[in-house]
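Letters A, B, ... are given to chains in the order of the sequence lines, protein chains preceding strands, and every chain is numbered from 1. All values derive from a computational prediction rather than experimental measurement.
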Amino acid sequence: MASLPSVAVNGNLKLDQEFRKHPTSFLPSERSTNVSYQKSHTVTTLNGSSEPKSLDFREALSMIREGENVESTYYVPVLQQCIDKNSASEAKIVHAHIIKTGAHQDLFVSTFLVNVYAKCGNMENARKVFDNLPKRNVISWTSLMTGYVHSSQPEVAIHVFQEMLEAGAYPTNYTLGIVLNACSSLQSVNLGKQLHAYSIKYQIDFDTSIGNSLCSLYSKCGSLESAVKAFKKIEEKNVISWTATISACGDNGEAVRGLKFFTEMLFEGIEPNEYTLTSVLSLCCLMLSLDVGTQVHSLSIKLGYELNLPIRNSIMYLYLKCGLINEARELFNGMGAISLVTWNAMIAGQAQIMDLAEDDLSAYQSGTEALNIFLKLNRSGLKPDLFTFSSILTICSGLVALQQGEQIHAQTIKSGFLSDRVVGTALVNMYNKCGSIEKASKAFVEMSTRTLISWTTMIAGFAQHGKTQQALQLFEDMRIAGVRPNQVTFVSVLSACSQAGMVNEALGFFEMMKKDYRIKPVLDHFACLIDMYVRLGRLEEAFALVKKMDPAPNEFIWSILVAGCRSHGNFELGFYAAEKLLELKPKDTETYVLLLNMYLSAGRWKDVSKVRKMMKEEKLGKLRDWSWISIKDKVFSFKPNDKSHPYSADTHKFVESLIDQVKSLGYESLESLEVIDEDEEQTLSYTAYHSERLAIAFGLLNAPNAAPIRVVKSLIMCRDCHNFVKFLSTLTGREIVIRDSKRLHKFVNGTCSCGDFGGHL
DNA sequence: CTAGGGTTAG
């Protein structure tokens, strides 16, 4: 198929001229004759009864003998079976038989054959048969288009539509529905709107199949209101109409509204089918509502869908989203037949759990679990698809598992899924999160097309790596490319400015966001600005902004201030902020640790012991210092002063010797005031064996020479360790990447990408 | 008409 002129997708099809030739094709009478053609064609079966009988297709074929008086309709039930079984290979056998008996001369049979190949996804054969048709009619055109839409070639479908109009064929309501579906896949609102306009003009916008397609078209293009309008216009709403509307709400994040439609539908006495139920379950995922999910589950069992795979997949995913890992796993193990979607849901669910995990240990566990599932999937014989790859790359990002990530990168190239924009973006993010900005930008540059999220990811990557100029340049490039930044993009842009202390630029972008893009600032934007002032020690300005900001400051904002005031020694403001923090986030370990550190810094020892006592009384959990490093395929984890490993003696000794060596470069160990681990009731913890030091030392001893060291840490790095690692990077000439609970640190030659911000260290 | 995917911040 020749490449499609771009005008067909984005521009004007000159529908008016084409349709004006045949305006009557939209009239209901015309429509019904078209539709009835297919349905009224009587199915005469071999035994003469008018009831179609279920037969094995080979058996059926053997009864149609060459040379005998072949009725073309003999083939109908046989071909129908191919469709039901979705078997293109069986269709080929029947096709061969048809040619032998000469039945391919029959227009009805060959038209049906186009439909069979299209439905079974063999578009080459569908097109071949179509091209050899003695005569084309609306059914063969529409069958061909349906096939292209279902085999993810919507642009070809639209091209076929164009051909059809040029050939002077009459589109039916069903044809228009299919073209609208193609528009949805292409996100081509323009063409969709043209078709909509014509359906209004010829007064068929109330038609069920057109309305259904319009509803999902507008939904996919992000316009829920238009989708609902299209739905309301439909005179005879069927299950599909309701389902389309419910999933439109889900796709646009309005789960509650979707549920309302669902209850309304039940009230109207329309029975939901498997599609409806899966859509409703995905609403439950959005709302994290296990409660509603369980009710829907019971309803689906009542309606006979207990063993339905899509529904089971949805339930399993819901369990994972709600953190019920064991229930999900039980369901997973108990499922006889599973599909790729099942695997994907399992992997994506782990990514979700990882994201929501309270502590790094459980995040790490679900990450490794996901990697295991991915391995099993690869062994199962099924081929991972674009969904699998984007999820598993996200898992690698979370684990800072560069080696696995690189292997998967290779796999995406081989399988061809790297061309997918979401997979490409996930890859860029993986390299970002693993501290490999060069590979990230290479992956970004190599993408053939990019989405807003791709640009944002790359900008964030530069920002995280302290490459402010590149981040801002890319932001310009993005605007020049005509991509409209969103709220998230501006968070990254502002944080880039914040790191570099570029106050005027930051304020400029903040104004640009509000005025030029009409994006309402959210807490995150203010957090960046406040963070910027705090870094520069301009606490008064930070406070001024906090006072007048809208929305009102949350606990994050206050904790930035507390930490900032402490590191700049402004205790008066610091205690004020701490009070606010305590109001918003009481009974929280992190809050108390911040407070404790502040008292320690201020030398208020009585308050220190008071806070400690309170922490005990409140039975607050402890912050656990924990780091891990992955070397080849194995992961090694470290606790502070960890003596549990068989190799720990060597590692400890090595840390001591490293400390001695960096001292000659000018390192002085600070007395750390941070309370990292309360396990041993120490007043001040001994920083020499903070977990990341052990992990780094272990990496230096065991990873290949000159390879970068990558460590993940469960807490924020303390100032002393941060300083230590800077010296270490000079000493060893190695790149050391540490991702702590707040940010990424990439140490090269004595400097860190985080810009040495002391506020939270 | 259906289930599963990518971005930010402290």
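Evaluation of atom-type donor-acceptor distances gives no pair under 3.5 Å for the side chain of Asp524(A) against the base of dG10(B). Checked by distance alone, Ser391(A) brings no side-chain donor or acceptor within 3.5 Å of a matching partner on the base of dG6(B).
Side chain of Val422(A), nearest nucleotide from dG6(B), dC1(B), dT8(B): dG6(B). Closest to the side chain of Asp531(A), out of dG6(B), dA3(B), dG10(B), is dG10(B). You'll find that the side chain of Asn344(A) is closest to dG4(B), out of dT8(B), dG4(B), dG10(B). Listed candidates were dA3(B), dC1(B), dG10(B). Nearest to the side chain of Asn313(A) is dA3(B). Of the candidate nucleotides dT2(B), dT8(B), dG6(B), dG6(B) has the atom nearest to the side chain of Thr394(A). Minimum atom distance to the side chain of Ser279(A) is reached by dT2(B), of the listed dT2(B), dG6(B), dT7(B). Listed nucleotides: dC1(B), dT7(B), dG10(B). Nearest to the side chain of Ala244(A): dC1(B). Distance from the side chain of Ile560(A) is smallest for dG10(B) among the nucleotides dG10(B), dG6(B), dT7(B). For Ser282(A), counting side-chain heavy atoms from C-beta on, the closest listed nucleotide (dG4(B), dA9(B), dT7(B)) is dG4(B).
Both geometric conditions, a ring-centre gap below 5.5 Å and a plane tilt below 30°, are not fulfilled together for Phe556(A) over the base of dG10(B). You cannot call Tyr275(A) stacked on the base of dT2(B); the centres under 5.5 Å and planes under 30° rule is not satisfied.
Per the geometry, CE belonging to Met717(A) stands 16 Å off P belonging to dG10(B), to the nearest Å. Regarding Met346(A), its CE atom lies at a distance of 15 Å from the P atom of dG4(B), rounded to whole Å. What separates CZ of Arg739(A) from P of dT8(B) is a distance of 10 Å, to the nearest Å. Regarding Leu283(A), its CG atom lies at a distance of 12 Å from the P atom of dT2(B), rounded to whole Å. Atom CD1 of Ile311(A) is separated from atom P of dG4(B) by 13 Å (rounded to the nearest Å). The nearest whole Å value for the distance from the CH2 atom in Trp343(A) to the P atom in dG4(B) is 19 Å. Rounded to an integer number of Å, the gap from Phe444(A) CZ to dT7(B) P is 15 Å. Here dT2(B) presents its P atom at 5 Å from NZ of Lys220(A), a figure rounded to the nearest Å.
Within 4.0 Å (heavy atoms only), Thr489(A) reaches no atom of the nucleic acid at all. At a threshold of 4.0 angstrom between heavy atoms, the contacts of Val423(A) include nucleobase atoms, whether or not backbone atoms are also involved. In this structure, Asn212(A) reaches neither bases nor backbone, as no heavy-atom distance under 4.0 Å exists between it and the strands shown. Lys237(A) comes within 4.0 angstrom of nothing in the nucleic acid, heavy atoms only. Residue contacts shown for Thr243(A) include a base, since a base heavy atom lies under 4.0 Å away. Nucleic acid contact for Thr451(A): base, since at least one base atom lies under 4.0 Å from a heavy atom of the residue. Among the protein residues, Asp385(A) comes within range of the nucleic acid bases, having at least one heavy atom under 4.0 Å from a base atom. Counting non-hydrogen atoms under 4.0 angstrom, Ala527(A) reaches nothing in the nucleic acid. Residue Gln499(A) is classed as having no contact, given no heavy-atom separation below 4.0 Å to the nucleic acid.
The phosphate of dT7(B) (OP1 or OP2) has a side-chain N or O of Asn429(A) nearer than 4.0 angstrom. A sub-4.0 Å separation between OP1 or OP2 of dT7(B) and a side-chain N or O of Asn432(A) is absent. For dC1(B), one of the phosphate oxygens OP1 or OP2 lies less than 4.0 angstrom from a side-chain nitrogen or oxygen of Asn181(A). Between Gln487(A) and the phosphate of dT7(B), there is no side-chain N or O to OP1/OP2 separation shorter than 4.0 Å.
Other residues, nucleotides and ligands contribute over 12 non-hydrogen atoms within 6.0 Å of the NZ atom of Lys237(A).
At a threshold of 4.0 Å, the pair Glu264(A)-Lys260(A) does not count as salt-bridged, since none of the basic side-chain nitrogens sits closer than that to a carboxylate oxygen.
Using cut-offs of 30° and 60° for the angle between ring planes, the Phe332(A) and Trp343(A) rings count as perpendicular.
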Evaluate Ser339(A) against Thr342(A) for side chain to side chain donor-acceptor pair (under 3.5 Å), listing each step before the verdict.
CA-CA 5 Å; Ser339(A) 64; Thr342(A) 320; 3.3 Å; yes
Just do the side chain to side chain contact (heavy atoms under 4.5 Å, CB included) check on Leu277(A) and Asn273(A) with the steps written out, would you?
CA-CA 6 Å; Leu277(A) 293 167; Asn273(A) 62 15; over 6 Å; no
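From Phe262(A), atom CZ reaches atom SG of Cys284(A) across 8.5 Å, with rounding to the nearest 0.5 Å. If you take CD on Gln499(A) and CZ on Arg743(A), they are separated by 6.5 Å, rounding to the nearest 0.5 Å.
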